Protein chains: 2
Amino acid sequence: MNSFTEENYLKAIFKLSSPDTDGVSTNSIAEELQTKASSVTDMIKKLSDKKLVKYKKYQGVSLTKKGKIIAISIVRNHRLWEVFLVEKLNFKWDEVHDLAEDLEHINSEKMTERLDEFLEFPKYDPHGDPIPDKNGNVYNHKDVTLADLKQNEKGIVVGVKEHSKSYLNYLESINLVLGAEIKVDDIIDFDRSMSASVNGKKLVNVSHQASKNLIIKKL
Amino acid sequence: MNSFTEENYLKAIFKLSSPDTDGVSTNSIAEELQTKASSVTDMIKKLSDKKLVKYKKYQGVSLTKKGKIIAISIVRNHRLWEVFLVEKLNFKWDEVHDLAEDLEHINSEKMTERLDEFLEFPKYDPHGDPIPDKNGNVYNHKDVTLADLKQNEKGIVVGVKEHSKSYLNYLESINLVLGAEIKVDDIIDFDRSMSASVNGKKLVNVSHQASKNLIIKKL
DNA sequence: ATTTATTTTTAGACTAATCTAAAATTATTT
DNA sequence: AAATAATTTTAGATTAGTCTAAAAATAAAT
């Protein structure tokens, strides 16, 4: 069994890993987990002893197959609980992250599978992030953001790349929730902000900072 | 905020407290939590510093009002999650305790109240234990057990006094689940075992050990 | 190719929770 | 009421996770 802390490190390393680069840096993990680099080094050694990560001093760290399986199952748990909190307990999408952060560590495959079934096998969490299936397969959205659309193009909101409360709150206030249809009416050259219509009517002005974090499916 | 460990001590003290005796002994807490008396003493000091328990050396320990509120809210949480696991995720009554033991420590009043609402404000958990309401009021069953019934008397199963997997499993195998109607057909003087009919037909033989742990409502 | 800056690791200390073994206190017996 | 038994507390060590400050290694800049 692994402690909550160990699981959080695995999750952080998983989140920071990308297919192209091979090692996650100590500093980036420290930043992600709001801790110090020296603490990270200590924990990495422990995870390395447990064969959950591959580690060479000064060369960064990456998950082993075993470590990745654990990380993905935690992500699966997290996202299923988020769906539960929003769909069944009527929480808003900006309220569920911290709770799911705790719930995700309750390790029971049986409970996870039953929860999945109870929720009718959701594919995405309330922020549009894909829920890994029980075999650990994750199907990511294609990475098209609102900022990639040209004038008069349309799309459907399918996710966000930034999960802060303030961003989610803002999106909700202008009806840019999952499933909303958005049409780009105009793009201001100067700052790349957009004026757009949401669901055919609501007119909004969206900064580049905001548009590049909104994942959409082109129509 | 209190750690999981602190919460478990508060819960144990609450469970071991009774209206008539005034202090819970160090040893009984150690027994309940499967730890050593010396560890208990250490933790009690800490809880005492936090004003969660009243403590005088060698004189046993009791909860303060503050400590009791916390203990009851954990019990409330535990029992609500048990209802969730049985009613919504189709777990059996003998499978839910350990999971609820983890879930109970996720402290969010909002989540607890939403869960309560989602479950339609259950009064009892799957073992018939009363769920404290949000103000901390607990309504216990009157303490009548199957062993108190006389020949030809009838009752409804409303709870258990023993929560072991093996006991719960056994009860289920003879249909003695919550709500079952039981009639005492005969009592064997020698060992105080009973033959009884469940729900009007199923004939079972129940040892005194088993009957005295089954809480019933007399009909 | 040195120097400078940045990143990472080590060394040593700290806190929370635990343990063993010994000492102190309370309870029980005779 | 003294002796024995049981319980409880202390003292000192241990483990997990963290931290600061200094040392070591790598990367960047002149």
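Letters A, B, ... mirror the listed sequences (proteins, then strands); counts begin at 1. Note that this is a predicted model, so its numbers are computed, not measured.
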Relative to B:Phe118, does B:Lys88 satisfy both conditions: NZ or CZ under 6.0 angstrom from the six-membered ring centre, and within 45 degrees of the ring's axis? yes
Report yes or no: does A:Asp148 contribute a side-chain atom to a donor-acceptor pair with the main-chain N or O of A:Thr145 at less than 3.5 Å? yes
Given 3.5 Å as the limit, does a donor-acceptor pair link the side chain of B:Arg114 with the main chain of A:Leu89, or not? yes
[N] phosphate, OP1 or OP2, under 4.0 Å from [X] side-chain N/O:
X	N	result
A:Thr5	D:dA16	no
B:Asn27	D:dA6	no
B:Tyr55	D:dT9	yes

Is B:Arg76 salt-bridged to B:Glu113, going by a charged N under 4.0 Å from an acidic O? yes
Taken in chain and number order and not counting sequence neighbours, the residues that satisfy ring pair (Phe, Tyr, Trp, His ring centres under 6.0 Å) with A:His141 are A:Tyr124
5' precedence on DNA chain D between A:Tyr9 and B:Ser25 (nearest-nucleotide basis): B:Ser25
If I take atom [atom1] in residue [X] and atom [atom2] in nucleotide [N], what distance separates them, rounded to the nearest angstrom?
X	N	atom1	atom2	value
B:Asp42	D:dA11	CG	P	11 Å
A:Asn2	D:dA16	CG	C1'	13 Å
B:Glu6	C:dT15	CD	C1'	12 Å
B:Met43	C:dC19	CE	C1'	14 Å
B:Ile44	D:dT8	CD1	P	9 Å
B:Asp49	C:dT15	CG	P	14 Å

Compile the donor-acceptor pairs under 3.5 Å between side chains in residues 127-135 of chain B and protein atoms, sequence neighbours left out, one pair per line.
{"unit_1": "B:His127", "atom_1": "ND1", "unit_2": "B:Glu82", "atom_2": "OE1", "d": "3.0"}
{"unit_1": "B:His127", "atom_1": "NE2", "unit_2": "B:Trp93", "atom_2": "O", "d": "2.6"}
{"unit_1": "B:Asp129", "atom_1": "OD2", "unit_2": "B:His163", "atom_2": "NE2", "d": "2.6"}
{"unit_1": "B:Asp133", "atom_1": "OD1", "unit_2": "B:Asn135", "atom_2": "N", "d": "2.8"}
{"unit_1": "B:Asp133", "atom_1": "OD1", "unit_2": "B:Gly136", "atom_2": "N", "d": "3.0"}
{"unit_1": "B:Asp133", "atom_1": "OD1", "unit_2": "B:Asn137", "atom_2": "N", "d": "3.0"}
{"unit_1": "B:Asp133", "atom_1": "OD2", "unit_2": "B:Asn137", "atom_2": "ND2", "d": "3.3"}

For DNA chain C, which residues of residues 56-64 of chain A approach it to below 4.0 angstrom with any heavy atom? A:Lys57, A:Tyr58
Ordered by number, residues from residues 28-41 of chain B within less than 4.0 Å of DNA chain C (heavy atoms) are B:Thr35, B:Lys36, B:Ser38, B:Ser39
Compare every heavy atom of B:Asn107 with every heavy atom of B:Glu7, then report the nearest pair and how far apart it is. OE2-ND2, 2.6 Å
Identify the two heavy atoms, one from B:Asn205 and one from B:Ser193, that lie closest to each other, and give their separation to 0.1 Å. OD1-OG, 3.8 Å
Selection: residues 99-106 of chain B, any non-hydrogen atom under 4.0 Å of DNA chain D: none
Under a 4.5 Å cut-off applied to non-hydrogen side-chain atoms, are A:Val96 and A:Asp125 in contact? no
Compare all side-chain heavy atoms of A:Thr26 with those of A:Val61 and state whether any distance is below 4.5 angstrom. no
How would you list all residue pairs meeting salt bridge (Lys or Arg N to Asp or Glu O under 4.0 Å) that involve residues 92-111 of chain A, not counting sequence neighbours? A:Lys11-A:Glu101, A:Lys11-A:Glu104, A:Glu95-B:Lys110, A:Lys110-B:Glu95
